There are 2 protein chains.
Amino acid sequence: MDKMDIKKLAKDLNLSTSTVSRAFRGNSDINLQTKERILAKAKELNYQPNLYASNLREKKSKTIAVIVPELANNFFSQAINGIERVAREKGYHTLIYVTDDDYQREVSFIDDLYNGRVDGVIMSASGEANDHNYLNKLRKKHMPLVFFDRVYDDIEVPKVTTNDYESSFLATKHLIEAGCKKIAFLVINKSLSIGKMRTQGYVDALEDAGIPYKQSWIIDCKNDHQENYQVLSRLMNTLQPDGLFASVERLAISSYYVCHDLGIAIPEQVKILSFSSLEIASLLNPALTTITQPAYDLGANAAQLLFKTLEGGTAQKEQLVLKSSLIPRKSTAG
Amino acid sequence: MDKMDIKKLAKDLNLSTSTVSRAFRGNSDINLQTKERILAKAKELNYQPNLYASNLREKKSKTIAVIVPELANNFFSQAINGIERVAREKGYHTLIYVTDDDYQREVSFIDDLYNGRVDGVIMSASGEANDHNYLNKLRKKHMPLVFFDRVYDDIEVPKVTTNDYESSFLATKHLIEAGCKKIAFLVINKSLSIGKMRTQGYVDALEDAGIPYKQSWIIDCKNDHQENYQVLSRLMNTLQPDGLFASVERLAISSYYVCHDLGIAIPEQVKILSFSSLEIASLLNPALTTITQPAYDLGANAAQLLFKTLEGGTAQKEQLVLKSSLIPRKSTAG
DNA sequence: TTGTAGGCGTTATCAG
DNA sequence: CTGATAACGCCTACAA
């Protein structure tokens with residue numbers, strides 16, 4: 001009574017399973033009337049073709065995987081939103097995997113996808129300077145992979161990033177023009193693709209302005225707020241920068257807390273600027289100058305690239321670079 | 001050379017497919033040595049059992065679906081984070097569907113899940129006062145469903161919510177005690193489960209304090225910022241409230257913009273309080289008093305409830321109510 | 001402990 | 001336009 005399958009439905013209709021099957025496939029030849037009769041009966045009996053049987057036959061899952069370092073984060077949630085929308089429009093389903101910035105987890109997620117569960121993968125990388133060879137297995141399985149934002153340079157697949165170097169350069173220049181002489185650069189992982197680009201933009205902009213650059217002004221931070229709070233407090237008390245350039249949103253947040261608590265006035269005593277996808281940057285106290293990445297578009301484009309290779313068959317290695325925008329606000333006001 | 005399946009692997013090893021299969025199943029009798037030989041060879045040849053063939057046999061997908069109204073949103077991204085974590089720990093995969101608050105989309109997502117794609121569904125509802133009968137089909141398919149936060153009262157499934165009525169009552173009281181006489185309540189959908197509870201809390205708190213309650217002080221808003229900006233501007237100019245209680249984070253945001261633009265001082269001229277999962281509420285200008293829902297826990301608990309019914313078999317109808325916390329900040333300072 | 005064989009529910013191919 | 005049949009890749013009785 002409960003379990004419906006194509007055979008029972010066919011018997012109910014005095015038809016063969018092939019005919020019933022045809023009613024559910026878009027293309028095949030079938031009499032319109034029988035088709036409608038079948039669909040009606042199917043609805044009545046609450047029948048739907050079994051997904052796993054279909055996929056087994058057709059060897060595709062109409063599903064993609066998205067692997068991200070974190071989820072509860074403006075940037076990634078917007079990006080995923082973009083991915084999900086494109087996937088949905090293409091009739092694909094979207095699986096989410098969060099690594100919590102744990103490289104091992106990334107590896108094991110990927111491992112879990114070899115079995116045909118998905119047709120393709122979109123990923124923002126977690127594993128810094130590790131071995132990325134496990135990703136080549138994906139290619140052997142003809143499973144397309146697309147990177148967005150955080151990429152591995154040594155893996156040749158389509159990538160969607162933003163103009164990090166240029167943005168970072170301009171941002172640093174912006175601080176200099178606002179009068180900063182002692183600009184600290186806050187970074188989480190300067191060996192990662194993105195950290196590297198952003199750090200370089202900062203360094204070059206300093207040089208370009210004839211400001212002596214010192215290694216000690218590049219501050220290594222973590223993902224943990226408490227730790228960063230300590231590091232930044234020390235920074236403010238010792239080096240006493242008059243400018244903070246946060247390469248990641250959460251570092252700007254920590255900086256704000258530190259400055260509030262230490263009674264350091266923004267922007268009078270220290271100007272702050274950050275890469276950030278915070279939609280309410282202008283409501284902060286004071287409004288935060290940001291380099292805003294087009295997070296949604298980044299995701300949407302990554303998805304489009306994936307479907308392009310999925311449909312085209314050829315493994316493209318397109319590199320798409322979207323532009324971020326520098327939005328000056330009170331936190332860097334002269 | 002490329003495609004591996006159990007037969008080729010078996011042939012390579014001079015074994016039968018059943019033996020190979022056994023090496024991958026946890027339970028079956030198999031010689032430890034042959035098992036290891038098989039697994040080694042499998043790794044070498046990059047073989048993994050095809051998921052769809054396995055699922056077709058075993059009739060379960062080890063996958064759950066999460067359906068939410070929106071994704072790029074502090075509350076939902078935290079909740080999904082909680083769900084994903086629990087699912088991962090249970091060895092399940094997580095599919096994401098975003099309705100953009102479109103009831104029809106919710107229905108069609110659900111339709112798409114009848115085919116065995118998932119073992120269970122976790123959902124925060126989009127469709128207000130619509131017909132929810134389509135959900136009963138899920139039950140016929142023995143597909144467990146769990147609601148979180150936004151629920152349909154007429155559907156009897158496990159639900160995880162927060163103490164919305166109580167929180168709303170206390171929040172209103174907080175505003176009254178801070179000296180507000182004319183408190184407007186901003187709501188997006190007062191007919192929805194949550195909107196209803198929150199509205200009632202507001203109304204009752206007013207009555208409790210002997211403040212005459214007027215329908216006109218309940219302000220109907222939308223999801224769109226532009227529209228809300230208009231509505232709220234008008235509100236501030238006409239009714240001139242001295243307190244705003246936003247039932248949803250985005251309405252507090254819009255209120256801040258309006259007040260900033262109109263030069264209305266918070267909290268001197270108007271105090272603002274909001275349901276919100278914003279982690280940086282205290283960095284806003286001024287720091288925003290919030291009722292903070294335990295978003296992550298809401299998601300994690302919903303997932304746990306789902307797995308409980310998935311494992312236990314019995315369709316529980318547990319109702320879990322988590323507590324939100326009122327965190328007073330500058331925006332409601334006396 | 002291992003092998004054989006049948007079937008999970010669909011769909012594509014080929015006849016009719 | 002419709003029906004029979006053989007895969008898809010794997011798993012599990014049952015037999016050896």
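What you see is a predicted model, and the numbers here were worked out from it, not measured in a lab. Numbered from 1 within each chain, the chains take letters A, B, ... in sequence-line order.
The side chain to side chain contact (heavy atoms under 4.5 Å, CB included) search around B/K62 returns B/Y92, not counting sequence neighbours. Every residue two or more places apart in sequence or in another chain that forms a ring-ring contact (aromatic ring centres under 6.0 Å, His included) with B/F147 is listed here: B/Y152. When the salt bridge (Lys or Arg N to Asp or Glu O under 4.0 Å) test is applied to B/K35, no partner is found at least two apart in sequence or on another chain. For A/S108, there are no side chain to side chain contact (heavy atoms under 4.5 Å, CB included) partners two or more places apart in sequence or in a different chain. Qualifying side chain to side chain contact (heavy atoms under 4.5 Å, CB included) partners for A/D100, counting only residues two or more places apart in sequence or in other chains: A/V98, A/R105, B/R85, B/R88. Not a single side chain to side chain contact (heavy atoms under 4.5 Å, CB included) links A/N14 to another residue, sequence neighbours left out.
In this structure, B/K11 atom NZ and C/dT2 atom P are separated by 20 Å, rounded to whole Å. The distance from atom CG of B/N55 to atom P of C/dT10 is 14 Å, rounded to the nearest whole Å.
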Just distance, no hydrogens or angles: give the donor-acceptor pairs under 3.5 Å from side chains in residues 297-304 of chain B, sequence neighbours left out.
unit_1	atom_1	unit_2	atom_2	d
B/N301	ND2	B/D297	O	2.8

If you look only at distance, which donor and acceptor atoms sit under 3.5 Å apart when one is on a side chain in residues 63-71 of chain B and the other is two or more places apart or in another chain?
unit_1	atom_1	unit_2	atom_2	d
B/T63	OG1	A/R117	NH1	3.3
B/T63	OG1	B/S61	O	2.9
B/E70	OE1	B/R250	NH2	3.0
B/E70	OE2	B/N73	ND2	3.3
B/E70	OE2	B/R250	NH1	3.2

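Between the axis at the start and the axis at the end of the helix from C/dT1-D/dA16 to C/dG16-D/dC1 there is an angle of 30°, using five pairs per end and rounding to 10 degrees.
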Nucleotide by nucleotide, nucleotides 3-10 of chain D touches protein heavy atoms under 4.0 Å in the pattern (B base, S sugar-phosphate only, - none) BB-BBBBB

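Within residues 31-44 of chain B, the residues having any heavy atom under 4.0 Å from DNA chain C are, by residue number, B/N31, B/T34.
Between the side chains of B/T99 and B/E106, not a single donor N or O lies within less than 3.5 Å of an accepting N or O.
The side-chain hydrogen bond (donor to acceptor under 3.5 Å, both in side chains) pairs that include a residue from residues 43-57 of chain B number zero, where partners must be two or more places apart or lie in different chains.
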